[in-house]
Engineer: 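Pasting in a structure now, in structure tokens, and then I'll have a few things to ask.
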Amino acid sequence: MRRTWLLGLGFFSISITWALYNAFVPLFLDNYLKSAAMIGFMMTIDNYFAMFLQPWIGHRSDKTRSKYGRRMPYLLIGMPLGAVFATLIPLHTGFVTLVIFMVLMNLSMSIFRSPTVALMPDITPENKRTKANGIINFMGGLGSILAFGIGSPLYKLAPYLPFLCAGLIMLTSMVILKSVIKEPVLLTGYGDGSSNPFRAEEETRNPVRIREQLDPTTLFILGAIFFWFVAYQGVEALFTLYGTKYIGMSDNEAAFSLTFFSLAFLAFALPSGWLGAKFGKKRIITIGVLGLFVIFGSLVFVQSVWLLRAMLIIGGLFWACININSYPWIVATGREESIGTRTGIYYFVSSLAAISSPPMLGWIIDLFGYPALFVSASLGMLLASLCLIGAKSENRSAGKGSIDQAPSALP
């Protein structure tokens with residue numbers, strides 16, 4: 001798993017960059033835009049790129065053949081560009097240059113995000129992917145925490161310093177990944193990993209098509225992913241308003257309360273991956289979905305700040321069960337050659353939920369009041385659980401290059 005930890009550096013650098021972007025770019029925009037709605041819209045640029053560009057990039061990476069491999073060319077292009085434009089954001093000279101740097105950074109990050117994610121299943125046997133995803137998410141969560149813990153003091157010294165550090169970390173991560181992960185990586189499931197001379201011929205006969213990936217099981221999983229991200233993204237975006245206007249917290253108390261959820265997720269990232277590998281991804285995800293259904297539904301009746309925080313800790317554990325195992329599951333339902341394509345589809349659905357959830361749940365709050373936030377979130381988890389009923393377990397259909405040919409510890 002050493003390469004998995006090192007691959008986690010890529011997610012570590014991505015998480016640091018996005019955490020700094022989300023924390024400080026609204027402050028830059030506030031100098032030019034006085035509408036919170038407009039600032040919020042500008043901050044969703046990344047989700048639009050994720051919806052339309054990342055699925056295409058992921059699909060293209062499945063078909064890419066170069067001396068650097070399938071995924072690495074996108075990292076070698078996107079990571080340096082992302083580092084440069086992230087560093088330039090605090091050095092903008094006006095609204096136009098700020099928007100240009102924001103768009104170019106988001107474009108650059110979209111070039112390599114799906115291929116970076118797809119590298120994990122590329123280099124990891126199927127029966128270890130949930131553990132690997134736990135490691136990668138742990139590294140990503142650690143990056144976010146460090147971004148807030150170290151980035152804020154650096155920002156006080158000079159606004160460009162945290163972005164410069166993030167850019168240098170991203171470049172360092174790229175160098176390490178290039179030196180450690182050697183592509184082309186053989187698909188898992190080819191026995192002892194020896195060279196497969198028929199691979200190119202097989203891929204020519206069986207090209208990856210996006211439409212073919214949307215089998216019934218995949219569609220049910222994608223439906224579940226959409227509904228649980230609608231619930232999660234809505235709570236994340238609107239919780240501070242809920243805490244201040246309904247519970248009576250201060251702004252700082254409301255924001256700090258979400259930290260309990262995030263830290264619980266980080267602490268349980270590795271154990272949830274282990275549980276998914278031992279007991280099955282669908283089973284652990286279902287426990288997480290039903291658990292959050294109960295937690296969100298119960299929070300409607302909670303007025304105590306400390307009880308609310310305690311329940312958020314439990315909710316963070318259930319969210320780890322869902323989030324750590326969902327990506328390996330969506331990958332496990334297709335051919336090994338389709339990993340990049342399915343990664344892009346995963347990001348399309350989660351980004352669609354991220355774009356639609358805050359305004360939709362905000363509209364519901366306007367109609368019915370703030371308790372409707374957790375009622376809606378609980379309903380989202382209920383709909384996700386119904387989708388899980390129609391999804392088969394993670395047994396992949398047999399076929400050339402499928403992981404059914406590899407030994408698996410999954411039930």
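Numbering starts at 1 and runs along the sequence shown.
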Engineer: Between Arg129 and Thr124, which heavy-atom pair has the shortest distance, and what is it?
Structural biologist: NE-O, 3.0 Å
Engineer: Under the criterion side chain to side chain contact (heavy atoms under 4.5 Å, CB included), I'd like the reasoning laid out for Lys128 against Thr4: C-alpha separation, chi angles, the key distance, then a yes or no.
Structural biologist: CA-CA 10 Å; Lys128 295 182 179 180; Thr4 302; over 6 Å; no
Engineer: For Ile181 and Asp122, what are the C-alpha separation, side-chain angles and deciding distance, and is it a side chain to side chain contact (heavy atoms under 4.5 Å, CB included)?
Structural biologist: CA-CA 10 Å; Ile181 299 177; Asp122 275 350; over 6 Å; no
Engineer: Please examine the side chains of Ile330 and Ile345, heavy atoms only from C-beta on, and report whether any two atoms are closer than 4.5 Å.
Structural biologist: no
Engineer: Which heavy atom of Gly276 sits nearest a heavy atom of Asn325, and at what distance?
Structural biologist: CA-OD1, 3.2 Å
Engineer: Could you grab the distance from atom CG of Leu299 to atom CG of Leu312, nearest 0.5 Å is fine?
Structural biologist: 6.0 Å
Engineer: Donor-acceptor pairs under 3.5 Å, side chain of residues 167-179 to any protein atom, not counting sequence neighbours: which ones?
Structural biologist:
{"residue": "Thr172", "atom": "OG1", "partner": "Leu168", "partner atom": "O", "Å": "2.8"}
{"residue": "Ser173", "atom": "OG", "partner": "Leu9", "partner atom": "O", "Å": "3.3"}
{"residue": "Ser173", "atom": "OG", "partner": "Ile169", "partner atom": "O", "Å": "2.9"}
{"residue": "Ser179", "atom": "OG", "partner": "Val175", "partner atom": "O", "Å": "3.2"}
{"residue": "Ser179", "atom": "OG", "partner": "Ile176", "partner atom": "O", "Å": "2.9"}

Engineer: Minimum heavy-atom separation for Gly223 to Cys387, with atom names?
Structural biologist: C-SG, 3.8 Å
Engineer: For a 4.5 angstrom cut-off between non-hydrogen side-chain atoms, does Phe28 reach Met102?
Structural biologist: no
Engineer: Within the structure provided, determine whether Phe279 and Ile287 are in side-chain contact (heavy-atom separation under 4.5 Å).
Structural biologist: no
Engineer: Are Arg309 and Ser257 linked by a side-chain donor-acceptor pair shorter than 3.5 Å?
Structural biologist: yes
Engineer: If you measure from OG1 on Thr93 to CD1 on Ile100, what distance do you get to the nearest 0.5 Å?
Structural biologist: 9.0 Å
Engineer: Flag the pair Leu81 / Leu107 as yes when at least one side-chain heavy-atom distance between them is below 4.5 Å, and no otherwise.
Structural biologist: no
Engineer: Got a sec: does the OH of Tyr160 have more than 12 other heavy atoms crowding it under 6.0 Å?
Structural biologist: no
Engineer: Take the angle between the ring planes of Trp5 and Phe138 and call it parallel below 30°, perpendicular above 60°, tilted in between.
Structural biologist: perpendicular
Engineer: Answer whether the closest heavy-atom distance between the side chains of Met72 and Leu75 falls below 4.5 Å.
Structural biologist: yes
Engineer: With sequence neighbours left out, write down each residue that passes side-chain hydrogen bond (donor to acceptor under 3.5 Å, both in side chains) with Asn106, or none if nothing qualifies.
Structural biologist: Tyr21
Engineer: Is any side-chain heavy atom of Tyr246 closer than 4.5 Å to a side-chain heavy atom of Ile365?
Structural biologist: no
Engineer: Is there a side-chain contact between Arg71 and Ile339 in this structure, where contact means two heavy atoms from C-beta onward sitting under 4.5 Å apart?
Structural biologist: yes
Engineer: Go through the steps for Leu308 and Phe239 under the test side chain to side chain contact (heavy atoms under 4.5 Å, CB included), then give the verdict.
Structural biologist: CA-CA 12 Å; Leu308 182 145; Phe239 179 82; 3.5 Å; yes
Engineer: Is it the case that atom OH in Tyr155 sees more than 12 heavy atoms from other parts of the structure closer than 6.0 Å?
Structural biologist: yes
Engineer: To the nearest 0.5 Å, what is the distance between CD1 on Ile285 and CG on Leu290?
Structural biologist: 12.0 Å
Engineer: Could you pull out all residues at least two apart from Thr64 that satisfy side-chain hydrogen bond (donor to acceptor under 3.5 Å, both in side chains)?
Structural biologist: Tyr74
Engineer: Run Phe11 and Asn137 through side chain to side chain contact (heavy atoms under 4.5 Å, CB included) and show every step you take.
Structural biologist: CA-CA 8 Å; Phe11 294 84; Asn137 276 271; over 6 Å; no
Engineer: What orientation do Trp306 and Phe260 show, parallel under 30°, tilted 30 to 60°, or perpendicular over 60°?
Structural biologist: perpendicular
Engineer: For Pro358 and Ala353, which heavy atoms make the closest approach, and how far apart are they?
Structural biologist: CD-O, 4.4 Å
Engineer: Determine yes or no for a side-chain-to-main-chain donor-acceptor pair under 3.5 angstrom, with Ser378 supplying the side chain and Val375 the backbone.
Structural biologist: no
Engineer: Restricting to non-hydrogen atoms, name the atom on Ala384 and the atom on Val289 that form the minimum distance, rounded to 0.1 Å.
Structural biologist: CB-CG1, 4.2 Å
Engineer: Could you list the donor-acceptor pairs under 3.5 angstrom formed by side chains in residues 261-273, with sequence neighbours left out?
Structural biologist:
{"residue": "Ser262", "atom": "OG", "partner": "Leu258", "partner atom": "O", "Å": "3.4"}
{"residue": "Ser272", "atom": "OG", "partner": "Phe268", "partner atom": "O", "Å": "3.0"}
{"residue": "Ser272", "atom": "OG", "partner": "Ala269", "partner atom": "O", "Å": "3.0"}
{"residue": "Ser272", "atom": "OG", "partner": "Ala320", "partner atom": "O", "Å": "3.3"}

Engineer: Search all heavy atoms of Asn133 against all heavy atoms of Pro328 and return the closest pair with its distance.
Structural biologist: ND2-CD, 3.4 Å
Engineer: Mind jotting down which residue pairs meet the side chain to side chain donor-acceptor pair (under 3.5 Å) criterion with at least one end in residues 351-363? Sequence neighbours excluded, please.
Structural biologist: none
Engineer: Would you check if Leu88 and Leu104 make a side-chain contact, meaning some heavy-atom pair closer than 4.5 Å?
Structural biologist: no
Engineer: Measuring from atom CG of Leu53 to atom CE of Met109, what distance do you get when rounded to the nearest 0.5 angstrom?
Structural biologist: 13.0 Å
Engineer: Using modelled atom types only, decide if a donor and an acceptor are shared between the side chain of Ser15 and the backbone of Phe12 within a distance under 3.5 Å.
Structural biologist: no
Engineer: With under 30° as parallel and over 60° as perpendicular, where do the rings of Tyr242 and Phe374 fit, or are they tilted in between?
Structural biologist: perpendicular
Engineer: Could you grab the distance from atom CE of Met381 to atom CH2 of Trp319, nearest 0.5 Å is fine?
Structural biologist: 5.5 Å
Engineer: May I have all residue pairs that pass ring pair (Phe, Tyr, Trp, His ring centres under 6.0 Å) and include part of residues 330-358, sequence neighbours excluded?
Structural biologist: Tyr327-Tyr346
Engineer: Would you compute the distance between atom CG of Leu222 and atom OG1 of Thr333 and round it to the nearest 0.5 angstrom?
Structural biologist: 8.0 Å
